[in-house]
Asks: 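The structure is given below, and queries will be raised subsequently.
Each chain gets a letter, A, B and so on, in the order its sequence line appears, and its residues count up from 1.
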Amino acid sequence: MIQLQAIRDNKEGIFIALKKRNIDAAPLLENVLQLDEKRRATQTLLDAILAESNKISKEIGILFKSGNTQEANILKEKTVALKEDSKKMADDLNATADELQALLYQIPNVPHESVPSGSSEDDNEEIFKEGEIPALISDALPHWDLAKKYDIIDFELGVKIAGAGFPVYKGKGARLQRALIAYFLDKNTDAGYTEIQVPHLVNEASGFGTGNLPDKEGQMYHIGEDDLYLIPTAEVPVTNIFRNEILDEKDFPVQYTAYTPCFRREAGSYGAHVRGLNRLHQFDKVEIVRVEHPKSSYEALNVMVEHVKNILRELKLPYRVLRLCGGDLGFTAALTYDFEVFSTAQDRWLEISSVSNFETYQANRLKLRFKDENGKNQLAHTLNGSSLALPRVLAAILENCQTGDGIQIPEVLVPYCRFEKIG
RNA sequence: GGAGAAAUGGCAGAGUGGUCGAAUGCACUAGUCUUGAAAACUAGCGAGGGUCACACCUCCGGGGGUUCGAAUCCCUCUUUCUCCGCCA
């Protein structure tokens, strides 16, 4: 959530920045400031009442101790009215604070200055492109047909067991998937990330901390019986490691990587472009998460981008990097780079990674702080990125590496797969 | 799942109705001493709100209640430990 102090300090700047998201935040911001003022005024009144009643209580204590019951009882009566007042005032304060909080939740993160304005994904800015788009063989197939041809992914079987969007990987398909996970984790570890394994179910507080709740409630599977949510990404459990923590400056940079399955309801996103592996309810992903000093978070973001580039380069997949425009930028992100690989047989780009800096937006919700050089607690910056999301990488490998003689596994994966070819 | 015990500052651990945001020890930070370090000594050392800065307010696992007054009493939830049951 946005920092209230930021709005107090720079309402105009925030208003202008939020225009990139095509929202007119002026009324919202004005409302926030008014409620903030009201909240503080109410707090001041309440504090005065509480101070008075604390004082009287102490006097009563002293009187009782010295045996002066009569005078104590007189003082007691004085507190009755104070109590009523404070109760009323406290209710008032809570109501105002809740209202203020609700407004703050509605405000998305302030886009970084480099974020281009724009209304949809068409306005995203391509900043980098690399890799050869392979010439297709004459009878090239999309990955869902290849999956069937080589019997490596069974979508119908998944429907039988769970439903649409839960494919079953078989034989070399399963092996290739496992190889990719191991390869990604190794690359991340080599780059300084510590591998961790985290719960795949999280509680409400965790969902809230990363901003998945309450905004994106409908996108997560919820287990009512135990009030737990299946994670939509490892970002949620990993980032929540730091909920309510105060780090030391020397703890930076915090770098974690985790493989987890990811569960997404994808409510309302059926239709074209969701065939095969393009959009699933359950998929595998390897995630990288960093917690950074505000001074160096954008440097860290660039390091992450270079890291993901490097992986795609090794896999020899054609890809491009986009800087998301204001209209396409996620609610909680300040700056996001999307990575897309070219899926040759589908003749389209597939998003396979999203690398973002959330600045203090998540940290504010998480209460993730660090002690700065002056001994003051301030919010840290959180960042994360996929390195990488599996199904679309798999789809791209199948499609781009198909030959008349089967699917040629990228060289770097061969030691992990222990086979060179499918088919 | 059943029975019992517990939850206090970074850690350990006092505190069972009244100046308690909380003794004490360890850790940590700064200073004195020292060629330097250690030891010793001195001071500081939880979080949030509020203020120009103070004052002041809130927080002793979470929530609610009793009371003039709650870390302390009551209810409830969560978690941990011990015992029993079940079990990969």
Side-chain angles (χ1 to χ4, degrees), chain A residues 1-9 32-104 197-209 213 222-229 237 240-252 254 291 360 362-380:
Chain A
M1 129 182 94
I2 193 165
Q3 289 183 81
L4 182 55
Q5 192 61 47
I7 302 177
R8 280 193 210 153
D9 293 344
V32 163
L33 287 180
Q34 272 174 22
L35 277 171
D36 176 42
E37 213 161 294
K38 186 177 166 199
R39 205 216 83 230
R40 277 187 288 168
T42 313
Q43 173 102 59
T44 304
L45 289 173
L46 174 63
D47 283 358
I49 296 167
L50 289 176
E52 173 71 8
S53 104
N54 284 345
K55 208 178 94 196
I56 294 176
S57 288
K58 276 174 190 166
E59 282 169 20
I60 291 173
I62 292 163
L63 286 173
F64 269 125
K65 249 186 188 163
S66 62
N68 199 340
T69 339
Q70 207 177 359
E71 235 175 279
N73 282 326
I74 293 168
L75 276 182
K76 260 197 198 184
E77 275 166 40
K78 266 179 78 178
T79 63
V80 175
L82 281 176
K83 239 189 143 181
E84 254 172 52
D85 283 357
S86 75
K87 198 165 166 49
K88 225 183 294 166
M89 205 61 79
D91 288 346
D92 209 21
L93 179 68
N94 286 337
T96 309
D98 287 351
E99 206 180 329
L100 177 60
Q101 193 80 326
L103 283 185
L104 288 173
Q197 297 188 0
V198 290
H200 298 168
L201 276 72
V202 294
N203 57 28
E204 193 181 353
S206 294
F208 181 82
L213 289 173
H222 181 223
I223 298 170
E225 181 108 30
D226 299 291
D227 200 15
L228 292 169
Y229 295 84
N240 270 281
I241 290 171
F242 300 99
R243 175 153 46 88
N244 281 323
E245 294 294 329
I246 300 175
L247 302 176
D248 214 90
E249 273 200 2
K250 63 174 185 281
D251 294 332
F252 293 129
V254 173
V291 182
T360 59
Q362 289 183 328
N364 195 24
R365 287 185 158 209
L366 292 160
K367 300 211 182 344
L368 163 51
R369 294 150 293 168
F370 69 97
K371 211 167 270 300
D372 67 18
E373 68 266 25
N374 302 317
K376 279 197 69 177
N377 293 331
Q378 57 169 296
L379 295 171

Asks: Give me the distance, rounded to whole Å, that separates G61(B) from A6(B) when you measure between the P atoms they each carry.
Replies: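 Going atom to atom, P in each nucleotide, I get 14 Å.
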Asks: Could you tell me the separation between the NZ atom of Lys376(A) and the P atom of C45(B), rounded to a whole number of Å?
Replies: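 Checked: the NZ to P distance equals 16 Å.
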Asks: Produce the list of close N/O pairs, under 3.5 Å, pairing protein atoms with atoms of nucleotides 70-77 of chain B; give distances to one decimal.
Replies:
none

Asks: Rounding to the closest angstrom, what is the interatomic distance between A47(B) and G9(B) at atom P?
Replies: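 Going atom to atom, P in each nucleotide, I get 13 Å.
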Asks: Specify the separation, in whole Å, of atom CE of Met89(A) and atom P of C57(B).
Replies: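 Atom CE in Met89(A) sits about 16 Å away from atom P in C57(B).
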Asks: Using the P atom as the point on both nucleotides, what is the distance between G21(B) and C60(B), in whole Å?
Replies: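 About 12 Å, rounded to a whole number of Å.
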Asks: Please check this pair: side chain of Glu52(A) against backbone of Leu82(A), looking for a donor-acceptor N/O pair closer than 3.5 Å.
Replies: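 Flag not set: sc Glu52(A) to bb Leu82(A) has no pair under 3.5 Å.
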Asks: Rounding to an integer number of Å, can you tell me how far Lys55(A) NZ sits from A55(B) P?
Replies: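 Distance check: Lys55(A) NZ to A55(B) P gives 17 Å.
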Asks: For G4(B), give its Watson-Crick or G-U wobble partner with both distances under 3.5 Å, or none.
Replies: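 Base partner found: C81(B).
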Asks: So which nucleotide does C54(B) pair with, by the Watson-Crick or G-U wobble rule with both distances under 3.5 Å?
Replies: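 Across any shown strand, C54(B) pairs with none.
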Asks: Would you give me the side-chain donor-acceptor pairs under 3.5 Å for residues 92-103 of chain A, sequence neighbours excluded?
Replies:
| unit_1 | atom_1 | unit_2 | atom_2 | d |
| --- | --- | --- | --- | --- |
| Asn94(A) | ND2 | Ala90(A) | O | 3.4 |
| Thr96(A) | OG1 | Asp92(A) | O | 2.9 |
| Gln101(A) | NE2 | Tyr105(A) | OH | 3.2 |

Asks: Heavy atoms only: give me the nearest Glu204(A)-Leu213(A) pair and the separation to one decimal.
Replies: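 Heavy-atom minimum between the residues: O-CD1, 3.6 Å.
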Asks: Heavy atoms only, 4.0 Å cut-off, all strands: where does Asn54(A) land among base, sugar-phosphate and nothing?
Replies: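 Sugar-phosphate, no base atom in range.
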Asks: Between Gly209(A) and Leu366(A), what is the shortest heavy-atom contact and its length?
Replies: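 For Gly209(A) versus Leu366(A), the nearest heavy atoms are O-CG, 3.5 Å.
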Asks: Take a 6.0 Å sphere around CD of Gln5(A) and say whether it holds more than 12 heavy atoms from other residues, nucleotides or ligands.
Replies: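 Yes, enclosed.
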Asks: Under 3.5 Å between N/O atoms: give me all the protein pairs with nucleotides 62-69 of chain B, atom names plus distance.
Replies:
| unit_1 | atom_1 | unit_2 | atom_2 | d |
| --- | --- | --- | --- | --- |
| C68(B) | O4' | Thr79(A) | OG1 | 3.4 |
| C68(B) | O2' | Ser57(A) | OG | 3.0 |
| G69(B) | O4' | Ser57(A) | OG | 3.2 |

Asks: Return the pairing partner of U24(B) with a 3.5 Å limit on both distances, Watson-Crick or G-U wobble; otherwise return none.
Replies: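 Across any shown strand, U24(B) pairs with A12(B).
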Asks: Ignoring hydrogens and geometry beyond distance, is a side-chain donor-acceptor pair present between Gln3(A) and Asn364(A) at under 3.5 Å?
Replies: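 Absent: no donor and acceptor within the cut-off.
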Asks: What interatomic distance, in whole Å, is found between C1' of G15(B) and the corresponding atom of A70(B)?
Replies: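 It works out to 13 Å between them.
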Asks: Please determine, for A30(B), whether a Watson-Crick or G-U wobble partner exists with both distances under 3.5 Å, and give it or none.
Replies: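 Across any shown strand, A30(B) pairs with U42(B).
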Asks: Side chain of Ser206(A), backbone of Val202(A): donor and acceptor closer than 3.5 Å?
Replies: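 No, the answer is negative, given that no donor and acceptor are paired below the 3.5 Å cut-off.
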Asks: Considering only atom C1', compute the distance from G50(B) to C45(B) and round it to an integer number of Å.
Replies: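 G50(B) and C45(B) have their C1' atoms separated by 22 Å.
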Asks: Distance between the C1' atoms of A30(B) and U66(B), in whole angstroms?
Replies: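 Taking atom C1' in both A30(B) and U66(B), they lie 46 Å apart.
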Asks: Give me the distance, rounded to whole Å, that separates G63(B) from U58(B) when you measure between the P atoms they each carry.
Replies: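 The same atom, P, in both gives a distance of 15 Å.
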Asks: The criterion is salt bridge (charged side-chain N to carboxylate O under 4.0 Å, His left out); which residues satisfy it with Asp248(A), sequence neighbours excluded?
Replies: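 For Asp248(A) the salt bridge (charged side-chain N to carboxylate O under 4.0 Å, His left out) partners, ignoring immediate neighbours, are Lys250(A).
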Asks: Go through the structure and list residues passing ring-ring contact (aromatic ring centres under 6.0 Å, His included) with Tyr229(A), not counting sequence neighbours.
Replies: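 Expected list: His222(A).
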Asks: Is it true that Asp36(A) and Arg39(A) have a side-chain N and a carboxylate O under 4.0 angstrom from each other?
Replies: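 Salt bridge between Asp36(A) and Arg39(A), a charged N being under 4.0 Å from a carboxylate O: yes.
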Asks: Watson-Crick or G-U wobble partner for A88(B), using a 3.5 Å limit on both distances?
Replies: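 None - no nucleotide pairs with A88(B), as no candidate has both distances under 3.5 Å.
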Asks: Please report the distance separating the P of U72(B) from the corresponding atom of G25(B), rounded so that it comes out in whole Å.
Replies: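 It works out to 26 Å between them.
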Asks: From CG of Asn203(A) over to C1' of G61(B), roughly how many Å is that when rounded to an integer?
Replies: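 Roughly 14 Å, once rounded to whole Å.
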Asks: Closer than 3.5 angstrom, by distance alone: can the side chain of Arg8(A) be matched with the main-chain N or O of Leu33(A) as a donor-acceptor pair?
Replies: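 It does not hold such a pair.
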Asks: Are more than 12 heavy atoms from other residues, nucleotides or ligands located less than 6.0 Å from atom CD of Gln378(A)?
Replies: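 Enclosed.
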Asks: What string of B, S and - do you get for nucleotides 47-54 of chain B 5' to 3' if you count protein non-hydrogen atoms under 4.0 Å?
Replies: SSBSS---
Asks: Indicate whether any N or O donor in one side chain lies under 3.5 Å from an N or O acceptor in the other, for Asn244(A) and Lys367(A).
Replies: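 Per modelled atom types, Asn244(A) and Lys367(A) side chains form no pair under 3.5 Å.
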